[in-house]
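Computed from heavy atoms alone, side chains included, the values below leave out hydrogens, waters and symmetry copies. In this chain, residues are counted from 1 in sequence order. First listed ligand is number 1; within each ligand, the first listed atom is number 1.
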Amino acid sequence: TVAEPERSFEAAIAADQRIEPRDWMPDGYRRTLIRQIAQHAHSEIIGMQPEGNWLTRSPSLRRKAILMAKVQDEAGHGLYLYSATETLGADRAELTGMLIEGRQKYSSIFNYPTLTYADVGVIGWLVDGAAICNQVPLCRSSYGPYARAMIRVCKEESFHQRQGFELLATMMRGTAEQRKMVQEAVNRWWWPALMMFGPPDDRSPNSAQSMAWRIKRHTNDELRQRFVDMSVPQAEALGVTFPDPDLTWNAERGSYDFGDPDWSEFMQVIGGNGACNVERIANRRAAHENGAWVREAATAFARRESTKENA
Ligand code: FAQ
């Protein structure tokens, strides 16, 4: 016999209702959400680094203001998502500790270097584009606080994607050298962007259960296909190509066929051996350690304020 709280959880999922923090939920559901939302939060925070790399070298004041706004938004998304994990009983200091110790993952994409300013544009266009494609369906995720967080995050990501496309469109109207820079950045980021959606469905251990719980609304391969279909016309509008000889329109499916990303590279990157993994974590650790005095001061201040109130 199924206990009453479990029955109402199952009924809520089946009726496409939201699960809220105080509702009963299976341990596995809670664990999966903490894992996914924490990884997402870590990705936003680590994701500040590749673009942050160019803040002091932006080509104009306008580009610098845009980039600063974008990187700040990413910090905001990270903090917002850590708050969502706290509604599940997680502790953000512990989650940060796990990130720094390599016990929790962040998106593979942020382990690639940003070599030119065109990379800033391509991150906006393709990386934020992939993020939106993955996150718009998460606005209907079964866990209320996560779904609601995604609505705001997606609005900001849309601005991020537009600024990337606009940056690239400007460069494409520039010199032959600038156009070459854009194409070269697209060539480097295309495959890693496809890997953001996770391993193929038959090698995705979490998908089936997460779909059943309606945490995820589409499989990794479905979203990857959607992203390819969405990106090809945008590439044509820009005047760039993707580095995939197998990319062809399939009229029968009404979708593009495309080649297989190098999954051994993906496994290497998520295993800690990508081009920038060590540097990203070292920077995060240093920021955390250098910020210790701020956390201590804030805690002391909060303590003093609360004793004042109680007095
Ligand atoms: N990188 O069974 P599945 C952004 C792991 S957007 C690293 O398929 P799941 C915005 C996976 O965790 C990027 N690891 O897993 C931005 C699992 O390992 P575990 C963040 C990956 O969870 C833009 C194992 O492989 N977005 O930050 C990756 O069902 C520009 C097996 O995989 C999100 O996190 C990967 N790409 O599906 C910021 C979105 N893929 O944990 C700055 C929310 C898989 O068992 C600049 N997350 N793994 O040890 C999701 O939608 C899902 O978690 C997936 C993975 C689709 C990423």
Side-chain angles (χ1 to χ4, degrees), residues 28 31-54 67 70-78 80-81 84-85 98-99 102-112 114 119-139 141 143 146-147 149-150 153-154 156-161 163-164 189 191-213 215-224 226-227 261 263 265-274 277 280:
R31 263 199 316 275
T32 299
L33 278 165
I34 293 176
R35 174 185 66 81
Q36 176 166 326
I37 303 173
Q39 281 178 8
H40 194 167
H42 298 329
S43 303
E44 298 279 358
I45 299 295
I46 296 282
M48 296 167 76
Q49 293 184 38
E51 291 162 289
N53 178 38
W54 285 93
L67 188 57
K70 179 182 192 295
V71 173
Q72 283 182 8
D73 284 352
E74 284 152 10
H77 297 171
Y80 208 41
L81 287 163
T85 66
M98 291 210 273
L99 168 66
R103 290 190 288 130
Q104 262 181 355
K105 295 188 173 76
Y106 58 90
S107 182
S108 50
I109 193 76
F110 303 118
N111 293 304
Y112 293 85
T114 43
D119 291 47
V120 170
V122 173
I123 288 180
W125 174 40
L126 293 180
V127 175
D128 284 281
I132 294 168
C133 206
N134 165 268
Q135 286 164 35
V136 165
L138 292 175
C139 297
S141 184
Y143 187 58
Y146 190 35
M150 282 301 107
V153 168
C154 284
E156 294 183 349
E157 306 278 35
S158 301
F159 153 66
H160 296 172
Q161 200 216 8
Q163 71 80 37
W189 289 94
W191 293 111
L194 293 188
M195 294 176 197
M196 286 175 72
F197 294 93
D201 293 349
D202 57 7
R203 279 176 270 164
S204 164
N206 299 300
S207 276
Q209 183 58 261
S210 289
M211 296 278 289
W213 276 329
I215 293 173
K216 284 166 80 162
R217 309 297 310 224
H218 302 281
T219 70
N220 300 355
D221 286 331
E222 282 166 11
L223 293 173
R224 195 170 4 254
R226 190 180 282 190
F227 175 68
W263 293 113
E265 175 181 314
F266 173 77
M267 293 313 291
Q268 282 295 318
V269 173
I270 68 171
N273 303 314
N277 295 57
R280 300 289 187 239

Do NZ/NE/NH1/NH2 and the carboxylate oxygens of Arg226 and Glu222 come within less than 4.0 Å?
no
Around atom 57 (C) of ligand 1, find the nearest protein heavy atom and jot down its residue, atom name and distance.
Met196 O, 4.0 Å
among protein heavy atoms, the one nearest atom 11 (C) of ligand 1 is Arg35 NH1, 4.0 Å
Taking the side chain as every heavy atom from C-beta outward, state whether Asn206 and Gln36 have any pair of such atoms under 4.5 Å apart.
no
Go through ligand 1 atom by atom and flag the ones less than 4.0 Å from a non-hydrogen atom of Tyr106.
1 (N), 7 (C)
Give me the residue, atom name and distance of the protein heavy atom closest to atom 39 (C) of ligand 1.
Asn134 OD1, 3.0 Å
With under 30° as parallel and over 60° as perpendicular, where do the rings of Phe227 and Phe197 fit, or are they tilted in between?
tilted
Does the side chain of Asp119 reach to within under 4.5 Å of the side chain of Pro50, using non-hydrogen atoms?
no
Below 4.0 Å from ligand 1: does a non-hydrogen atom of Lys70 turn up there or not?
yes
Please verify whether a non-hydrogen atom of Met48 lies at under 4.0 Å from ligand 1.
no
Side chains of Pro261 and Phe266, heavy atoms from C-beta outward: is any pair under 4.5 Å?
no
Contact atoms of ligand 1, heavy-atom distance to Gly198 under 4.0 Å:
40 (N), 44 (C)
Which heavy atom of Ile37 sits nearest to which heavy atom of Leu81, and what is that distance?
CG2-O, 3.4 Å
Do Ile45 and Leu99 have side chains that approach each other closer than 4.5 Å (heavy atoms only, starting at C-beta)?
no
May I ask you to decide whether Asp221 forms a salt bridge with Arg224, counting only side-chain N to carboxylate O separations under 4.0 Å?
yes
A student checking ligand 1 against Phe197 at a 4.0 Å heavy-atom cut-off should list atoms 56 (C)
Checking a contact table here: which protein heavy atom is nearest atom 1 (N) of ligand 1, and how many Å away?
Ser108 N, 2.8 Å
Ignoring hydrogens and geometry beyond distance, is a side-chain donor-acceptor pair present between His42 and Gln39 at under 3.5 Å?
no
Are any of the side-chain heavy atoms of Asp73 and His160 separated by less than 4.5 Å?
yes
Does the side chain of Val122 come within less than 4.5 Å of Val127's, by heavy atoms?
no
Among Gln39, Lys105, Met211, which residue places a heavy atom closest to atom 12 (O) of ligand 1?
Gln39
Contacting atoms of ligand 1, where contact means under 4.0 angstrom from a heavy atom of Gln135
6 (S), 26 (N)
Contact partition for Ser204 relative to ligand 1, non-hydrogen atoms under 4.0 Å:
both
When you measure from atom 13 (C) of ligand 1 to every protein heavy atom, which one gives the shortest distance, and what is it?
Ser107 CB, 3.7 Å
Work out whether the distance between some heavy atom of Glu51 and some atom of ligand 1 is less than 4.0 Å.
yes
Nearest non-hydrogen partners of Ala147 and Cys139, listed with the distance
CB-O, 3.3 Å
Nearest heavy-atom contact between Ser141 and Ile215 is OG-O, 3.0 Å
How far is atom 48 (N) of ligand 1 from its nearest protein heavy atom, and which residue and atom name does that atom have?
Phe266 CZ, 4.1 Å
Minimum side-chain heavy-atom gap Met150-His40 below 4.5 Å
yes
Answer yes or no: is there a side-chain heavy-atom contact under 4.5 Å between Trp213 and Leu33?
no
Atoms of ligand 1 less than 4.0 Å from Val127 heavy atoms?
23 (C), 30 (C)
Would a search of protein heavy atoms around atom 54 (C) of ligand 1 find one under 4.0 Å away?
no
Identity and distance of the protein heavy atom lying nearest atom 29 (O) of ligand 1
Lys216 NZ, 2.7 Å
Are any of the N/O atoms in Glu157 less than 3.5 Å from those in ligand 1?
no
Nearest non-hydrogen contact to atom 24 (C) of ligand 1 from the set Asn206, Thr219, Asp221 belongs to Asn206
Within the 4.0 Å heavy-atom shell around Glu74, which atoms of ligand 1 are there?
30 (C), 38 (C), 42 (C), 46 (C)
Quick one: look up the protein heavy atom nearest atom 26 (N) of ligand 1 and list residue, atom name and how far away it is.
His40 CD2, 3.7 Å
Within a distance under 4.0 Å of any heavy atom of Ile270, pick out the atoms of ligand 1 and give their elements.
1 (N), 7 (C), 14 (N), 25 (O)
List ligand 1 atoms under 4.0 Å from Met195, heavy atoms only on the residue side.
36 (N)
Nitrogen or oxygen atoms of Asp128 and ligand 1 under 3.5 Å apart:
no
Does Pro199 have a non-hydrogen atom less than 4.0 Å from ligand 1?
yes
